[in-house]
Each structure stands twice: as structure tokens, then as C-alpha cells.
Protein chains: 2
Amino acid sequence: MKIEKQERIINAAMKEFIKSGYDKASTNEMVKDAQISKGSLFNYFSSKKDLYLFLIQNTVNIIEEIYVEIDMTERDIFERISQVGFIKLNIQKKYPLVFDFLKSLLEEDAQEVKSDINQLLANIQRDGMKRIYENIDWSKLREDIDPEKAMNILNWTMAGFAELQIAKIKSFEHVRVELFNEWDRYREILKRSFYKNGEE
Amino acid sequence: MKIEKQERIINAAMKEFIKSGYDKASTNEMVKDAQISKGSLFNYFSSKKDLYLFLIQNTVNIIEEIYVEIDMTERDIFERISQVGFIKLNIQKKYPLVFDFLKSLLEEDAQEVKSDINQLLANIQRDGMKRIYENIDWSKLREDIDPEKAMNILNWTMAGFAELQIAKIKSFEHVRVELFNEWDRYREILKRSFYKNGEE
DNA sequence: AAAACATTGACCAAAGTGGTCATTTTTTGT
DNA sequence: ACAAAAAATGACCACTTTGGTCAATGTTTT
């Protein structure tokens, strides 16, 4: 099957599952959006559930790329967090729905798929943030700053910044080259604030 | 009508609208959850749309309390932001669904109610954050820090912290007294980071 | 005990559900 | 050019759910 059609189907299905949750997601809406016939969809997937589970597995595979791509030898927290952000941005560009779909999975509570979700997400949930921030050198931090709190502030700032940029991109419909410069400003503020004088 | 029953209906309706969006929200589910009969619901409200619009107006009224309660003479950003957080926390305690419902309104795209939403939300959207951070004294900030970025970092941190605490409360089912101490730690970190030495 | 008001849930036509399959269209091998 | 195989279609199915109604029943007030 043409890869473009595959993506059309996957995206349409994800979009509908995100919007409506498993139970209320309509296969009719999916085929309309993907511009294929009802019959085709049920040729590719034996049931709605089958399709849903495929999408979950697909999502897990994509998300796991993050862990693989992280350079664990980079021990500076600001470098590491920028790295993760960069990887996530690339994923977002390639698969714009994948994070929203993941979020919808965590909120899903339909009995029919609940256990399957937990099972398939087990791997990426188990470690979560911990794996991403393994082997970080905290010694550069000012001593009066709790590393865990610093990490939280960084994470929240990163997430907030990302959300803001995505909103901008979605509304203005043009990717900003200044994006990374802008992030660097935030990075500088926090770095100067959190690190001991003279470090790095 | 008994106030307790009113709240049961409002909460059940909001819950269902949050979960399913306007179109797919089921009035049957609402009456089941609120433990009233179908007939009663349509006695109180002439239609699903009528109910929805009532909930929006109700939400707007509640949210607007925030603006009223802010002490505009407090010009320190950290005080102000803690104030807003405190007000929001109280609203969250009294009306646990109101912020989720507000969020769901912003994501709603059903044609039948889209224009009504925009109209009713116009007031609280127009100014948004601006009104909350009016008349702040930025002179205490270190000169190498852009006030707008500082404000963003603060906002994101506050939101992240709140989310974390709500998650904790929801899962552990007991409100933490240490909550404000914990927030004060974050506040200290950011204050020491952002303010000139010796300020405040 | 009568009148006024509140609440109920069986009921309705209409719309939507996940899934099927005989039929048509497209692709393939020769 | 043609037939066989593969892929795609959408009308159709039985079933569920939808928002909304209203005659009947319960509850209060006068």
C-alpha cells in the first residue's frame, strides 16, 4: 500500500480517537476523513479495537525513538534538556498527532481497551522522566537549589515554551527559524540563575 | 430547588461535556449521573444547548471572581502570582470541574455552539493574562532578564506545580498542608534567581 | 380535599453504530 | 489484449443511542 495512504488512514484514525475517545470514536468519520471506503478500513484492520491497538503500538515505537537518540554522555542538564526538546520537536514535525494521542491514551477509561493500553504503555511509563535525566551532573548547580525542583522548573518551562511555539506555528502557519534562538534566551536566563557563578 | 441537587446536575453535565464535547455529550448519561429523571432535566433546561450555554455563563461568572479578588496594589510579581494561585486553588476546591470545562470550551468546535462560546468567553479572553499582571514593578528584576520571559517562566512553573499538586491530591485523596511550603521553595529559587542581589 | 407544582420514565422518530459482502475497479502476469 | 487475481467500494444490516415529549404519578401548598 502507498505510504501516503497509510499515513492518511493513521492520521484520520488518531485524530478521531483523540477527539472522541475509544468508545465514541466513529469509524465512519475516520473513513470519510481518510478518503477511503468503509470496506477498505475493515480489510486492513479486523475491528475497531484492532485498529486502536495498532495505533498504540505504532505510537510506542515512535516514542521509544526518544530514548534511543539521547546522548547519555552529555551530562549537562541544559544540553540534555535541549536535546530532548529537539528530538521531540522532530517527532512532532514528522508525526504531529502522536503526543496528543499518547495523552489521550492516558486519559482513556473504556473497559474494552483499558488493560491493553496499560500493557502496551508499560515500558515507556515505567521509567518516564527518569531515563531521560539519567547521569546528569548536578554539581554545577548552586548549592541552595534543590536539583529536583530545578529539573521541574526546567521541564515545565520547556513544555510551556513548546506549547507556545506549537500554538504560534498552528495559527501563523509558518515555521519560525528564530525558534531555537528564542529557546536559547530562556536557557540563558535559567542557566545564569541556577548555576554557580563561573560554571560553564 | 435544593442547592445540593443543583450542584449534582451542574457537575454531572459539566463532567459529560468535558469528556465528550458538545455534540457527543449524552443527556442520558447526565441524568443517570445526577440521579434525576430525563423529564426533570428538560424541565429545568429547554434543550441541550440551553443547558450548555447556562454552564458557560456560570463558568464565566466564577472565573471573573479571579479578577475581582486580585489586590492590584501589590506590585511584587511573586506576591501577585502567589495570590492568583491561591485564588485559583480556592476556586478549584469549590468548583473542581470549572477549569477543565473552560479548557474544553476552548477546544470545542461544534458548529452549533461555536459562536456562542466565543461571545460568552470574549470578556475573559480579551485581556487574559494581561489584566492579572497589570501594574507589576519590574524594576527589581535583574537587568539581564527580559520581564516577559520571566513572567512566562513563572506562569509555566506555577501551572506545572499546580498540576502536580492536583494529581497528588487526586491520587492520595488527602490535601497536603505542606502545599504552600512546597510552593514557597519554588518561589525562593526563582526569586533569588531573578531579582537583583539585595532586592526584597 | 382540591389545586398547584414537581418529578417520573416509557416512548418516539431520527440518526448513528461497527461490521459485512456482493459488486466493481484496478493491477498483475502472460 | 485479455483473463485472473487483488484491492476498493458503498449499500446494507441489525442494533444502540440520540435529544426531546408528555400522560401519569407524587408531593406541597392552600
Side-chain angles (χ1 to χ4, degrees), chain A residues 1-57 101 104-105 108-117, chain B residues 1-57 101 104-105 108-117:
Chain A
M1 199 200 311
K2 302 259 164 65
I3 203 160
E4 182 259 334
K5 190 194 218 173
Q6 267 187 51
E7 283 182 356
R8 238 170 42 226
I9 297 171
I10 289 177
N11 283 334
M14 282 182 131
K15 211 189 288 180
E16 179 65 15
F17 279 124
I18 291 167
K19 193 187 150 214
S20 307
Y22 177 77
D23 271 331
K24 299 197 177 184
S26 160
T27 51
N28 292 322
E29 286 298 315
M30 293 175 196
V31 299
K32 204 194 293 175
D33 188 14
Q35 302 172 77
I36 59 164
S37 69
K38 195 81 169 288
S40 282
L41 183 67
F42 283 93
N43 260 0
Y44 309 143
F45 304 96
S46 64
S47 69
K48 184 179 172 179
K49 184 172 178 179
D50 187 38
L51 164 60
Y52 194 62
L53 297 184
F54 168 82
L55 291 177
I56 300 178
Q57 187 56 62
F101 185 66
S104 79
L105 291 177
E108 182 60 60
D109 59 348
Q111 279 307 316
E112 204 186 337
V113 291
K114 209 167 182 180
S115 67
D116 297 87
I117 291 175
Chain B
M1 197 199 315
K2 302 258 163 66
I3 202 159
E4 183 258 335
K5 191 194 217 173
Q6 265 187 52
E7 283 183 356
R8 238 170 43 225
I9 297 172
I10 290 177
N11 283 333
M14 281 181 132
K15 211 189 288 181
E16 180 66 14
F17 280 124
I18 291 167
K19 193 186 150 215
S20 306
Y22 177 77
D23 272 331
K24 299 197 175 184
S26 160
T27 52
N28 292 321
E29 287 297 315
M30 293 174 197
V31 299
K32 205 195 293 175
D33 188 14
Q35 302 173 77
I36 58 164
S37 70
K38 193 81 168 289
S40 283
L41 183 67
F42 283 92
N43 260 0
Y44 309 142
F45 304 96
S46 66
S47 68
K48 185 179 172 180
K49 184 172 177 179
D50 187 39
L51 164 59
Y52 194 63
L53 297 184
F54 167 82
L55 291 178
I56 299 179
Q57 187 56 61
F101 185 66
S104 80
L105 290 177
E108 182 61 60
D109 59 348
Q111 278 308 315
E112 204 186 336
V113 291
K114 210 167 181 180
S115 68
D116 298 87
I117 292 175

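To find a chain, count down the sequence lines: A is the first, B the second, and so on, and within it residues start at 1. This structure is a prediction, so every number in the text was calculated from the model and none was measured.
Counting non-hydrogen atoms of other residues, nucleotides and ligands closer than 6.0 Å to NZ of A:K32 gives a total of 12 or fewer. Shown here is A:K15, whose NZ atom has no more than 12 heavy atoms of other residues, nucleotides or ligands within 6.0 Å.
Rounded to whole Å, the distance from CG on A:N28 to C1' on D:dT9 is 14 Å. Between the CG atom of B:L41 and the P atom of D:dG20 there is a distance of 9 Å, rounded to whole Å. Rounded to an integer number of Å, the gap from NZ of B:K32 to P of D:dG19 is 12 Å. In this structure, CG of A:D50 is placed 10 Å from P of C:dG19, rounded to the nearest angstrom. Atoms CE (A:M30) and C1' (C:dG16) sit 14 Å apart, rounded to a whole Å. In this structure, A:Q6 places its CD atom 13 Å from P of D:dA7, rounding to the nearest Å. If you take CD of B:E112 and C1' of D:dT18, they are 13 Å apart, rounded to a whole angstrom. Atom CG of B:D23 and atom P of D:dT17 are 18 Å apart (whole Å).
Heavy-atom nearest nucleotides on DNA chain C were determined for B:K24 and for A:N43, and the one closer to the 5' end corresponds to B:K24.
Between the CG atom in B:D116 and the CG atom in B:L105 there is a gap of 11.0 Å [rounded to 0.5 Å]. For the atom pair B:I9 CD1 and B:D33 CG, the distance stands at 11.0 Å (nearest 0.5 Å).
Annotation: cation-pi pair A:K48/A:F17 absent, no NZ/CZ under 6.0 Å from the ring centroid and within 45° of its normal.
Close to D:dT18, at under 4.0 Å from its OP1 or OP2, lies no side-chain N or O of B:K48. Between B:S26 and D:dT17 there is no side-chain polar atom (N or O) within less than 4.0 angstrom of OP1 or OP2.
The listed nucleotides are D:dT18, C:dT20, D:dG20; the one nearest the side chain of B:K38 is D:dG20. Closest to the A:Y44 side chain, of the nucleotides D:dA8, D:dG20, C:dG19, is D:dA8. Minimum atom distance to the side chain of A:T27 is reached by C:dG18, of the listed D:dA8, C:dG18, C:dG19. Listed nucleotides: C:dT20, D:dT21, D:dT9. Nearest to the side chain of A:F42: C:dT20. Counting only heavy atoms from C-beta on, B:S37 has its side chain closest to C:dT7 among D:dG19, D:dT9, C:dT7.
When heavy atoms are screened at a 4.0 angstrom cut-off, A:K5 is found touching the sugar-phosphate backbone but no base atom. Residue B:K49 is out of contact with every strand shown, counting any heavy-atom pair closer than 4.0 Å.
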